[in-house]
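The structure appears below as structure tokens.
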Amino acid sequence: MAEPKKLFIKTYGCQMNVYDSERMAEAMGGAGYVETASADDADMILLNTCHIREKAAEKVYSELGRFKELKAARPDLKIGVAGCVAQAEGEEIMRRQPLVDLVVGPQSYHRLPELEARARGGEKALDTEFPEEDKFTRLKRRPQAKRGPTAFLTVQEGCDKFCAFCVVPYTRGAEVSRPVAQVLGEARDLVERGVREITLLGQNVNAYHGAAEGGDWSLARLIRELAGIDGLERIRFTTSHPNDMDDDLIAAHGDCAKLMPYLHLPVQSGSDRVLKAMNRKHTAEKYLRLIERIRAARPDILMSGDFIVGFPGETEADFADTMALVEAVRYGQCYSFKYSARPGTPAAERALVDADVASERLARLQALLTRQQREIQDEMVGCEVGVLFERKGRMPGQMAGKSDHLHAVYVEGANVAVGDLARVRITASGPNSLAGELV
Ligand code: SAH
Ligand code: SF4
Ligand code: F3S
């Protein structure tokens, strides 16, 4: 039998790309490839890219430039670009960087082995269509392979919301949900392979409406069914849109024990004027009322969110509204970004806020978010939490895992193994993690 070829995948962007990279590696397994951890000995390099902000997209070209010498030394090396930059820029990537042999958009990954063969034959292979066939049913799985205790499972892709700043509806296409049976099958398979926590993924995961016999299922119904799988201990989902949080999903946070008390619910701004200009279709007030209802169902839920500062037209008063909203919510953990104009989006045409003003606002927002994060972490000291251990820590005898609230937790000198779920009493809080001891 021929020696397997080596595939190096580098992943940028969101968790959906992490999931996709895994599936691409599995698909290429069927084409005689094994994954390698370094580009230096690879027969094929695949960059799974992100287009969300300019910085993310430009990173891809600097990374590609670094492969020049590798490719000169090994002309057989094939270089591919996948993900959202591939979708957004297509052929342009090969024009800008002739090293690239293959470009594949997120909806065409099941065609990767065929594209690789074409690239091997000396062609420049490109596929950025949104094909009718379902990539998930066609992507090959690698059966029986053991895996770690946590896994991502994409249940929904694409977005129909068209926020004025965002490329996702263009790079990932229209909102599509995977059928219920397909999701349940994949979840059971993951659990058989050792997974104890599944994070359901979608750009708009709470808009999930998967086809099933007798009509579509909502995300809440899917979660309740998944909770019935023996051996699956924890369920999470991300990312949610405030307009798609239905009553049943809120209720599930209260009555479904396996659904973890953490919710990523981006709001982007606290100003109704800005929210309107962003085409978010909700107000700050509506968002705050929603969080009240969620907290009524699950009082200890840890809220997370995303913010964009310096959106075109944002005034100091608008920004003050954002700060006030953050004060009102008290977030456990957040992502915040300076607005980046993206080609093809409606907001790209609008006048920018002065860059220094935007940077200064971002710094103020991040200081507030960091303070809230620290306060909430400090309040965990003395509390007992569930922890799923995921790996060994850097210190000898140390184990690392995630709490129910998704805090990183370190425990020392305890008799636990990767994959164990244990009760831990938090003893100390650091900048980005907690320390604890087994109860
Ligand atoms: N589907 C998710 C977000 C996906 S993008 C949602 O609707 O919330 C992840 C985050 O990137 C967004 O929440 C937003 O905060 C940020 N983002 C998206 N486009 C951006 C842009 N043009 N400039 C700066 N940040 C952006
Ligand atoms: Fe982008 Fe999210 Fe808005 Fe969709 S809902 S357009 S993914 S920010
Ligand atoms: Fe980036 Fe595409 Fe995800 S643009 S954030 S990789 S959906």
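Just so you know, ligand 1 is whichever comes first in the structure, and atom 1 is the first atom listed for that ligand.
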Of all the atoms in ligand 1, which lie at a distance below 4.0 Å from a heavy atom belonging to Arg280? 7 (O)

Between His253 and Phe237, is the ring centre distance below 6.0 Å? yes

Any idea which atoms of ligand 1 are less than 4.0 Å away from a heavy-atom of Arg53? 11 (O), 16 (C), 17 (N), 23 (N), 24 (C), 25 (N), 26 (C)

For Gln203, the ligand 1 atoms with a heavy-atom partner under 4.0 Å come out as 1 (N), 2 (C)

Subset of ligand 2 atoms that lie under 4.0 Å from at least one heavy atom of Pro169: 6 (S)

Out of Gly13, Ser340, Pro242, Ala341, whose heavy atom is nearest to atom 22 (N) of ligand 1? Ser340

Taking distance alone, with N or O pairs closer than 3.5 Å, would you say Cys166 contacts ligand 1? no

Minimum non-hydrogen distance to atom 1 (Fe) of ligand 3, winning option of Cys84, Gly158, Cys50: Cys50

Between side-chain atoms of residues 159-171 and protein atoms elsewhere (two or more places apart, or another chain), which donor-acceptor pairs fall under 3.5 Å?
| unit_1 | atom_1 | unit_2 | atom_2 | d |
| --- | --- | --- | --- | --- |
| Asp160 | OD1 | Glu175 | N | 3.0 |
| Lys161 | NZ | Asp244 | OD2 | 2.6 |

Numbering the atoms of ligand 2 from 1, which are under 4.0 Å from a heavy atom of Asn204? 4 (Fe), 5 (S)

Output for pair (Phe311 CZ, Arg280 CZ), nearest 0.5 Å, gives 10.5 Å

Taking a cutoff of less than 4.0 Å between a non-hydrogen atom of the residue and any ligand atom, is Arg172 in contact with ligand 3? yes

If you look only at distance, which donor and acceptor atoms sit under 3.5 Å apart when one is on a side chain in residues 298-309 and the other is two or more places apart or in another chain?
| unit_1 | atom_1 | unit_2 | atom_2 | d |
| --- | --- | --- | --- | --- |
| Arg298 | NE | Asp300 | OD1 | 2.6 |
| Arg298 | NH2 | Asp300 | OD1 | 3.3 |
| Arg298 | NH2 | Asp300 | OD2 | 3.2 |
| Asp300 | OD2 | His405 | NE2 | 3.0 |
| Ser304 | OG | Tyr262 | OH | 3.3 |
| Ser304 | OG | His264 | ND1 | 2.6 |
| Ser304 | OG | Gln333 | O | 3.2 |
| Asp306 | OD1 | His264 | NE2 | 3.1 |

Under 2.8 Å from atom 3 (Fe) of ligand 2 - does any N, O or S atom of His241 fall there? no

Distance under 4.0 Å to a non-hydrogen atom of Pro266: what atoms of ligand 1 satisfy this? 8 (O)

Any protein heavy atom nearer than 4.0 Å to atom 4 (C) of ligand 1: no

Hey, which atoms in ligand 2 end up nearer than 4.0 Å to a heavy atom of Phe165? 8 (S)

Any N/O of Thr239 closer than 3.5 Å to an N/O of ligand 1? no

Result for salt bridge (Lys or Arg N to Asp or Glu O under 4.0 Å) between Lys71 and one of Asp101, Asp40, Asp43 points to Asp101

For Lys338, take its heavy atoms, then give the atoms of ligand 1 lying under 4.0 Å from any of them. 24 (C)

Proximal ligand 1 atoms for Arg342, defined as those under 4.0 Å from one of its heavy atoms: 22 (N)

